[in-house]
Amino acid sequence: MNLCPNCFSSKTKEQGTCSVCGFSASTYRDKRALPVGILLHERYVVGRVLGMGGFGITYVVYDQKTQQRLAIKEYFPAEWAMRVFQGNQIIPNSQSQENVYRRGKEVFLNEAKVLSKLRYVPSVVDVLDFFQENGTAYMVMELLEGSTLSGYMKQRGIPMLPWKEANQIIRKAGLALQEVHRQMLLHRDIGPDNIIISKDGNIHLIDFGATRVYAMNSEKSMSVLLKPGFTPIEQYSRSGKQGPWTDVYALAATYYYLVTGRKPPEAPDRVAGVRMRTLSQINEEIPQRISRAVEHALQFQWKKRTATVEEFLKEMGALGNPVAELVSQNHTERYYFDKNNTLTIGRKPDRNQVVLDDSQVSGMHCKICYDTSTESFLVKNYSGNRTYTSKGTLEKGEFVCLEKGSWIYIQTIRERYIFYMEVE
């Protein structure tokens, strides 16, 4: 291939160094990887290797159809399969591995299908296409230009991040994880090497571990599946109970690493009695609230651990609290949403958090729900007397989505009750 394997420019010097991006053709390339210049799916030109893991190889590619650089991940479980170099095919190592290889490929494709539906989530890497070829499967993704969290810290030459900066990173990663969990998918491999800070400062989750689920049910070793210090105890056992709390542990461990420069003790060591120092013991500048939230999320018994990412972010104080401020003729009062991020407004005390003693206000007049993932308020009207919003009037049964800073009001003969919605 006469094009640069990195930027795909044709301005490569004779000695093999690209004059555009500086990439050297002499850069080592693992023998298991596809050759440079191979065409996949009749459109993707394979370039340099971006990374290799226990279950796949990721390449930078050039899409001839859209004329842009992308990334492709190839399903290649090293313990189960090998490449036939004359045809670039990947086949199981033996007949006994055929079923586990095939099932793993199905899980890989299902993961790609689910992730392709999450393109609206800013912090999840976009999956643009997926297909089968060469006896294996491929996942086409956006090419993220940036650094992993661990690489970001090395580039800055610092052993740890300020806790406020780490809060923002974990918040963005956590909001993305919430959307992933809503699709009934777990990441299972969260850590500083699987969260990328792009050049524009955005946070992205990469390398989802759905294929690892099936691997844990195989007879093969699980050594490549574990990330010491970041992996909770349930992932060390085929019978371990996994759920959103599994990713919560890894996310909290990542935060622990970012603000201390050290990993928590490995889960089996903690079970054996090794104590974990709390964040406040290591760094007195970290607020007690955050230290307690991380300690709760790092409980090695999953039943005692923070159950969801949303609960973890709330305990960290990373989400902010939704609040509605009531302003009427002679009264101003602030109302906080309940634990389900819901606020109900009406006349009957047994049905509402905000009680308006006015005969023209319905028993339950309206309900406001705060969505932490989109940071927006969903307002639904239950009254025949209408609810007025900054986006228009709601008749009975109608609803609208509002941004923070918006308002709603209920109008009666006696009073106009205005509610301003904010997050603090």
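What you see is a predicted model, and the numbers here were worked out from it, not measured in a lab. One is the number of the first residue; the rest follow in order along the sequence.
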Establish, from distance only, whether the side-chain atoms of Tyr236 and Glu234 form a donor-acceptor pair under 3.5 Å. no
So, taking the atom named CG in Leu205 and the one named CD1 in Ile196, what distance separates them when rounded to the nearest 0.5 Å? 10.0 Å
If you measure from CD1 on Ile410 to CG on Leu356, what distance do you get to the nearest 0.5 Å? 5.5 Å
How far apart are the C-alpha atoms of Leu175 and Leu313, what are their side-chain angles, what is the distance that settles it, and do they pass the side chain to side chain contact (heavy atoms under 4.5 Å, CB included) test? CA-CA 9 Å; Leu175 291 175; Leu313 294 179; 4.3 Å; yes
Out of curiosity, Arg292 CZ to Ile286 CD1, how far, rounded to the nearest 0.5 Å? 13.0 Å
Can you confirm whether the side chains of Asp371 and Ser376 place a donor and an acceptor under 3.5 Å from each other? no
Any side-chain donor near an acceptor of the partner, Gln64 and Tyr44, under 3.5 Å: no
For Ala112 and Val127, the nearest pair of non-hydrogen atoms, with its separation, is O-CG1, 3.7 Å
Distance alone, cut at 3.5 Å: any donor-acceptor contact between the side chains of Gln68 and Thr66? yes
Whether the Asn88 and Asn134 side chains hold a donor-acceptor pair (N or O, under 3.5 Å, no angle test) is what I'd like checked. no
Taking every non-hydrogen atom, the tightest pair across Tyr382 and Lys396: O-CE, 3.5 Å
Mind running side chain to side chain contact (heavy atoms under 4.5 Å, CB included) on Arg83 and Leu34 for me, showing each step along the way? CA-CA 9 Å; Arg83 193 185 301 280; Leu34 285 168; 3.3 Å; yes
Using every non-hydrogen atom in the two residues, find where Leu128 and Glu142 come nearest and quote the distance to one decimal. CD1-N, 4.1 Å
Apply the ring-ring contact (aromatic ring centres under 6.0 Å, His included) test between Tyr101 and each candidate in Phe55, Phe76, Tyr75, Trp80; give the one that qualifies. Tyr75
What do you reckon, is CZ of Arg275 surrounded by more than 12 foreign heavy atoms closer than 6.0 Å? no
Report yes if some heavy atom in the side chain of Pro287 is under 4.5 Å from a heavy atom in the side chain of Trp163; otherwise report no. yes
Side-chain heavy atoms of Leu143 within contact of Leu50, under 4.5 Å: yes
Side chains of Leu161 and Ile169: does their closest heavy-atom pair fall under 4.5 Å? yes
Minimum heavy-atom distance between Ile197 and Tyr152, given as atom pair plus value: CD1-CD2, 3.5 Å
Is it the case that over 12 heavy atoms from other parts of the model lie below 6.0 angstrom from the CD atom of Gln89? yes
Not counting sequence neighbours, which residues clear ring-ring contact (aromatic ring centres under 6.0 Å, His included) with Tyr138? List them please. Phe131
Rounded distance (nearest 0.5 Å) linking atom NZ of Lys172 with atom CD1 of Ile170: 12.0 Å
Okay, side chain of His181, backbone of Gln178: is any donor-acceptor separation there less than 3.5 Å? no
Between Gln155 and Ser147, a side-chain donor and acceptor under 3.5 Å: yes
Between Arg156 and Glu165 (salt bridge meaning N to carboxylate O under 4.0 Å), is one present in this structure? yes
Can you tell me how far the CD1 atom of Ile195 sits from the CD1 atom of Ile190, to the nearest 0.5 Å? 5.0 Å
Does any part of the side chain of Met160, heavy atoms only, come nearer than 4.5 Å to the side chain of Val259, both counted from C-beta? no
Grab the two heavy atoms, one from Met52 and one from Asp30, that are nearest each other, plus how far apart they are. SD-CB, 3.4 Å
Kindly compute the distance separating NZ (Lys227) from OG1 (Thr254), expressed to the nearest 0.5 Å. 8.5 Å
Is there side-chain contact between Lys367 and Val379, with at least one heavy-atom pair below 4.5 Å? no
Within 6.0 Å of CZ in Arg351, more than 12 heavy atoms from elsewhere: yes
Check for a donor-acceptor pair, side chain of His187 on one end and backbone N or O of Asp189 on the other, with a separation under 3.5 Å. yes
Test side chain to side chain donor-acceptor pair (under 3.5 Å) applied to Arg347 - qualifying residues, sequence neighbours left out: none
For the pair Thr231 (side chain) and Pro228 (backbone), establish whether a donor and an acceptor sit closer than 3.5 Å, ignoring hydrogens and angles. no
Are any of the side-chain nitrogens in Arg69 or Glu145 under 4.0 Å away from the carboxylate oxygens of its partner? yes
Would you say the side-chain atoms of His331 and Glu333 include a donor-acceptor pair closer than 3.5 Å? yes
Only counting residues at least two apart or in another chain, list the ones meeting ring-ring contact (aromatic ring centres under 6.0 Å, His included) with Trp302. Trp245
Could you tell me whether Arg270 and Glu266 make a salt bridge, using a distance below 4.0 angstrom between a side-chain N and a carboxylate O? no
Yes or no on salt bridge (Lys or Arg N to Asp or Glu O under 4.0 Å) for Lys348 and Asp350, after CA distance, side-chain angles and deciding distance? CA-CA 6 Å; Lys348 294 186 176 181; Asp350 59 332; over 6 Å; no
Can you tell me if Thr306 and Glu311 form a side-chain donor-acceptor pair at under 3.5 Å? no
Are Thr393 and Asn381 packed together at the side-chain level, in the sense that at least one heavy-atom pair is separated by less than 4.5 angstrom? no
Can you tell if the side chain of Val45 reaches within under 4.5 Å of the side chain of Val61, non-hydrogen atoms only? no
Output, in order, the C-alpha distance, side-chain angles, deciding distance and verdict of salt bridge (Lys or Arg N to Asp or Glu O under 4.0 Å) for Arg102 and Glu98. CA-CA 6 Å; Arg102 177 182 55 80; Glu98 188 171 342; over 6 Å; no
From CA spacing to verdict: side chain to side chain contact (heavy atoms under 4.5 Å, CB included), Lys73, Tyr59: CA-CA 6 Å; Lys73 185 173 183 179; Tyr59 310 86; over 6 Å; no
Ala176 and Val124 have their tightest heavy-atom pair at CB-CG2, 3.8 Å
Indicate whether any N or O donor in one side chain lies under 3.5 Å from an N or O acceptor in the other, for Gln242 and Arg188. yes
Which is it for Asn93 and Glu79 under the side chain to side chain donor-acceptor pair (under 3.5 Å) test, yes or no, and what are the steps along the way? CA-CA 8 Å; Asn93 283 330; Glu79 290 195 31; over 6 Å; no
Min side-chain heavy-atom separation Cys366-Ser383 under 4.5 Å: no
I'd like to know if the side chain of Asn352 reaches the main chain of Gly363, judged simply by a donor and an acceptor atom lying under 3.5 Å from each other, with no hydrogens or angles considered. yes
Donor-acceptor pair between Asp200 and Ser198 side chains, under 3.5 angstrom: yes
For Leu298 and Tyr256, run side chain to side chain contact (heavy atoms under 4.5 Å, CB included): C-alpha distance rounded to whole Å, both residues' side-chain angles, the deciding distance at 0.1 Å, then the answer. CA-CA 10 Å; Leu298 287 176; Tyr256 190 102; 4.1 Å; yes
Lys/Arg-Asp/Glu bridge criterion (N-O < 4.0 Å) met for Glu422, Lys404: no
